[in-house]
Amino acid sequence: MSEAREFKYIGQSTIRPDGFDKVTGRANYGADLNLPGMIWGKILRSPHAHANIKRLDTSRAEAFPGVLAVATHSDFPSVTDQAIESGEGSLTLLDLARNVLAKDKVLYHGHAIVAIAAKTAAIAEQALALIDIEYEVLKPVMDVREAMAAGAPILHPDMFTQGLAEKPTTASNVATRLEYKMGDIDAGFKEAEVVVEREFYTPTAHQGYIEPHACTVRFEKDGQSMIWCSTQGHFDVRASTAKLLAMDLGKLKVIASEIGGGFGGKTTVYLEPVALILSRKSGRPVKMIMDRDEVFKATGPGSATRSWVKIGARKDGTITAMQGRLAYEAGAFKGSPVMMGCMTAFTPYAVANMYIEGFDVVVNKAKVAAYRAPGAPQAEFAVEMLVNELAVKLGRDPIDLRLQNAAKEGTQTIYGPKFKRVGLVECLEAARDSKHYQQALAKNQGRGVAAGFWFNVGGQSSVHINMNPDGTGTIVEGSPDIGGSRASMQMMAAEAMGIEPGRLKPIIGDTENVAFSAGTGGSRTTFATGMAVIEAAEDVVAQMKQRAASMWNVTAEQVEWVDGVALNTAGEDRLSLAEICASADRTGGQISGRGNINARGAGPSFAVHLCDVAVDKETGKVDVVRYTAVQDAGKAIHPKYVEGQYQGGAVQGIGWALNEEYIYSADGLLENAGFLDYRIPVASDLPMIDAIIVEVPNKFHPYGVRGVGESGIIPPLAAVGYAVENAIGVPVTDLPLSPPRVFNLIQGKG
Amino acid sequence: MARVTFSSTQQQFTADAECEVDASNYRELIDAVTNRYPALDRADLLQMAVAIDGEIIHEPLLELVESDSEIHFFHFIAGG
Amino acid sequence: MAKIHISTSINGEATEFLCEPHETLLDVLRNDLQMTGTKEGCGSGDCGACSVTVDGRLTCACLVLGVEAAGREIGTIEGIGSSDKLSVIQEKFLEHAALQCGICTPGLVVSTQALLEQNPNPTEAEARYFLAGNLCRCTGYDKIIRAVLDAAATMRGAA
Amino acid sequence: MAVVDYNAPQSVQEAVALLSGSDIKTKVMAGGTDLIIQSKSQTIEPLRVVDLKHIAEMMSYSLDGAGLSLGPCMCCAEFTALQDVKALYPGLVEAAYLIGSTQVQGRASIGGNLCNSSPAADTIPALIAIGAKCLIVGAGGERTVAVEDFVTGVGRNCMQPGELLQRILVARPAPGSRDAYLRFIPRTEMDIAVAGAGVSVTLDSQGVCTAARVAIGAVAQTALLVSSAAEALIGTQLDEVAVANAAAAASAAASPITDRRGTIEFRRHIVGVLVKRATLIAKERAQASL
């Protein structure tokens, strides 16, 4: 993009087009659709963390009055092992089928086994109790250390570690070993005069969206089957469900409802294929809604991790070596985001020698799902904690030390390419110059600084803009709007067309009325779908100019488009967009623009956060007293929603740092499957979150956009973690920093 | 000649950290690379994402490759 | 189970429905009366997405049996604002971008209205504690609290 | 428990009759914030519900020279807004304010909190600290039980089938006598107590503590009245040493468990901190009331 571009609409904070429906309760979410004749589906879930299913008999449940269908794993047509694209990259179809309904073996507390559809939810629940099932309970494996230890119980006897130099001969809980390296790590440490190293632990944490998974489906044997569901990617729901049920894509319509939060957790399927089986068997529309405890037990979460990181630097502050080993829990099936952890861990730094290895490890917990910058928060937590320690050892200001070593344009990344223009330095400078950073700390307070890096992705987006005869139009896009993206689509199209944003209505098309679009994830929507919107809008403008030219009997090149008006450079004529639309029937039919793209050039977004905490040393309770989130947006299309992404990411990360964790019994049963004891931040826990938008334009986007959704959750773990370390004067290694843990640290029992 | 850098995992199959190939688009590049390193799985490569001159591209099959392009393979990144 | 006939008033409108004794007010609103503006996030009173008022007092519809509505005045999100005019609270939520996914928004609007009826001039801390039962996972609460305080100031000015 | 039968009696007599004359499991409901959730978790066993909120005297209170007589079903939101009660029993009002969210307080009641008999109930230690008594009515007549004797175990209390908690009675505190309640939770709201402490102290004009009651919650099967902690306070000026002794006595009296909300060691420590802090708040209030 050109550097000094003036925008008419971009950068304003408009009222979002879907806002009215959302503040009045009219917006329809996953659980809000009821169909005539609809029945209710409920799922029997495993009471054990690890067990073989010895016997399963559903006949009593099937005979229960009001029950209309029962589904088990055997209802899937023969499923072959092939990769399915989901938020994490790949989950094989076989694993997906076994996760959706267990086959022979249950692998976590809450693993789905049987689904029942009945006239009412209450009847379905009563019928679940009539399923006769016998388990052979096995010892669960609940942590990567246990899982990787010799002699550990094996979850999958057919799983052999991939990525080893020599092919293994025995099954393992380690699905994959991978590594990234750059330079000479040994030489880097030889050069170092100061070395810091530590082991870290981060717990299993859930995305915690407020809307439970829900869907309403209708199976039609001859025609179109329909799924209405809450998802980040309805085309992915269609692909997964159609593959699991051996259907043609063209026979399955998926409608994305409004979505009540996802954070990566709604990038895969749980209920949808099951509901469709129940609908096929009963001949009735079926609705399924997860209870909150099912959401915690069987969806998400993000990986728990154990990591070891070592950093060496010269006395002048130059970091010479960074080394790490990351082990990520995948849950019951392979596919943790450890690769992304390895790729992001050291990436905020320009360091010549790096080496990192990663392990993808299965344990008896729910299969992890993508969670906002998947894999990055855990890895960067470890690194950022140590960079802060390094600053202390070197007697340097932590921001200053980061500035000295910051990645910038031309920096070689460990995963391959060199950075184009990135905004880490600008973010660090903005943090350094903030009022927050100038403010002195009070007694019992501590401060933490942390940086965060996330790639951001592009990918496929499809958009068309249909113009109406009165000059209004509809933007049909295929990316579910999870946080207000329709507002930015409206603004980008308006900017490109030169008309008021309110003239254009953005909607999320279903899988039939817009072409394939990748899901909302990877901070891609405003970037990639935005590019498609701009392309479609420019297509509309080109057609407008053509139509005006034909009315004036000039060439399109002789028509200029200024602020939504066609100007005849060969004369005085002008035609507004509305006038051209009004006469479209006479100039060749109605006007519709198209932008079907595979977007490239996603620009990374760096974030830098500052956190001040106060610690009650008698109780170990941590209070976040001041927080600032700085992040590079490239160009903020709608600044308030950009700030909202920073603030929301920060608070989600604060929760992860302070109180959120899955708590398991010795038998591997989840003990806090509810909002009462899975403690996400509440309004009274927090101060205002200062958001500072840095804009270093991404030259690959017409308006300079970088995705902003994910980076904001990366720094808080270490910003909070180090603030606590700073306040109590004791090294912090494990999250969450809940009162008992902090109290023990203070007491020297950490 | 475009310069191709292999990931650490790929280097188990190539023994080289990088190589130079003559190709005008990604498909030709894959042909050239798999001819030279038969241990690399062509289907795998076609499923990977790639960075061409620092731009990360999913589904790059027909992407143009310049004579001085730098190519890095990596796995598909999605996000949350 | 025999269904019970209940006469109640919802948003000032006399309403009758049939429900089973075990159904919650939330079940009744959403499934029997098709009033889906009231959302379900947890079913255990921990998230506030189903905030409603019963005889003017704020509560969670999931913690009330449907049969208890008999003779009561129920207030839901559908009773706030009209199709051509939003309430000040609703306008301020939009103006401050105090919602992202929006699933918690109806509950927050209902709760904020209850807060401002009870305390027209809340401090930031009072607003945060009053609304602690309304979980929001998207916004980090910053813009919600700003919207609430701005709505309070506007309503005081308008009163 | 699937609710199959709902009753809303208009009088205590009617309620007692409903409680004694049922062949299916019967539970009384006040705010329902515990009962409705419990009934969702197990849907098979039929349950009859007797809703007490239509009985005027269960919802009302009176405060006179003798003290407070509280209808057990008054919701916490209403109770915590009673300024006359708050002036005399600030600790009890604090405890009621801590039960759940604003929404939960719109339903939950002190009587319900008491009868649900959770070890972590906030109002129970607060009630014990101020010497509250339960007036229980049943087919056989009325009886009065001190709150510390009312709860007998986790989720259990001394009421017999057919009995009903009709009134909570608290004597009027003399000038120089006030209470405080504190609990510890990981967040600022929305959690169940990891530990709780209710303290009431009486000071004479010299500032000497002449009477004290210390009660702790969430650190044993039931809330405990800790007389050793009270003894550590009585006869002192509630100075640092005395307060530390009371805290130590409370920690010693605690017999907590480790669960998802806290460990044995942490709870034992925290309950001492709470006793210390609550005592100092009660002291300040008592001084102000003289």
Side-chain angles (χ1 to χ4, degrees), chain A residues 13 15-16 18-29 31-34 120-122 207-212 258-263 289 291-292 482-484 487 638 640-641 643-652 654 674-676 680-691, chain C residues 1 20 22-23 27 30-31 34-47 49 76-78 80-81 83 86-87 89-91 93-106 109 124-125 127-146:
Chain A
S13 282
I15 298 297
R16 62 196 281 170
D18 55 322
F20 181 90
D21 282 353
K22 290 200 166 142
V23 298
T24 56
R26 294 172 192 210
N28 287 314
Y29 291 81
D32 294 344
L33 179 70
N34 295 322
T120 68
Q207 293 80 350
Y209 32 82
I210 307 298
E211 181 202 26
E258 293 293 342
I259 173 170
F263 314 106
I289 306 173
D291 291 338
R292 177 50 59 179
I482 203 161
H638 190 300
K640 280 190 180 167
Y641 283 107
E643 289 175 359
Q645 289 296 321
Y646 297 4
Q647 293 163 335
V651 167
Q652 226 170 7
I654 289 169
F675 280 130
L676 186 60
I680 74 170
V682 303
S684 50
D685 293 342
L686 297 156
M688 292 296 185
I689 307 294
D690 293 333
Chain C
M1 265 180 285
E20 295 188 15
H22 67 85
E23 282 184 82
D27 296 333
R30 290 183 53 81
N31 301 332
Q34 309 290 324
M35 295 174 73
T36 56
T38 305
K39 303 300 179 189
E40 175 160 8
C42 70
S44 55
D46 296 310
C47 79
T76 73
I77 184 65
E78 286 88 351
I80 299 178
S83 41
L86 294 174
S87 73
I89 294 165
Q90 289 167 321
E91 280 176 353
F93 266 65
L94 291 179
E95 190 182 314
H96 285 270
L99 59 148
Q100 286 177 29
C101 81
I103 193 83
C104 69
T105 308
V109 168
E124 181 190 332
R128 286 185 180 276
Y129 275 88
F130 189 96
L131 299 173
N134 289 89
L135 300 183
C136 167
R137 190 60 157 171
C138 295
T139 65
Y141 303 104
D142 181 294
K143 294 191 188 307
I144 291 171
I145 299 301
R146 288 180 201 278

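In the text below, chain A, chain B and the rest are named by the order of the sequence lines, each starting its count at 1. Just so we're clear, the structure is a prediction, and the values are computed from it rather than from any experiment.
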Per-residue contact mode, A/Glu643 against chain C (heavy atom under 4.5 angstrom):
both
Quick one: which of C/Pro106, C/Gly37, C/Cys104, C/Gly140 has the most heavy-atom pairs under 4.5 Å with chain A, could you say?
C/Gly140
Under a 4.5 Å heavy-atom cut-off, does chain C meet the side chain of A/Tyr646, its backbone, both or neither?
neither
What part of C/Glu91 gets within 4.5 angstrom of chain A, counting heavy atoms only: side chain, backbone, both, or neither?
neither
Look at C/Asp27, C/Ile80, C/Leu86 and state which one has the largest set of heavy-atom pairs under 4.5 Å with chain A.
C/Leu86
Determine the minimum heavy-atom distance between C/Gly41 and C/Cys47, stating which atoms define it.
CA-SG, 3.5 Å
Looking at C/His96, C/Arg128, C/Glu124, which one has more heavy-atom pairs under 4.5 Å with chain A than the rest?
C/Arg128
Contact class of A/Ala31 relative to chain C, heavy atoms under 4.5 angstrom:
both
Heavy-atom contact with chain C under 4.5 Å, split by part of A/Asn34:
side chain
Applying a strict 4.5 Å limit to non-hydrogen atoms, the region of A/Glu258 in contact with chain C is neither
Return the option, out of C/Ala97, C/Ala98, C/Gly43, with the maximum number of heavy-atom pairs under 4.5 Å with chain A.
C/Ala97
Supply the atom-to-atom distance A/Tyr641 OH to A/Ser13 OG, rounded to the nearest 0.5 angstrom.
8.5 Å
Name the region of C/Thr139, side chain, backbone, both or neither, that has any atom closer than 4.5 Å to a heavy atom of chain A.
backbone
C/Arg137, C/Lys143, C/Gln100, C/Arg146: which one forms the most heavy-atom pairs within less than 4.5 Å of chain A?
C/Arg137
Given C/Leu99, C/Thr105, C/Leu131, the one with more heavy-atom pairs under 4.5 angstrom with chain A than any other is C/Leu99
Can you say whether C/Tyr129 sits under 4.5 Å from chain A via the side chain, the backbone, both, or neither, judging by heavy atoms?
both
Identify which part of A/Ile259 has an atom lying under 4.5 Å from any heavy atom of chain C, answering side chain, backbone, both or neither.
backbone
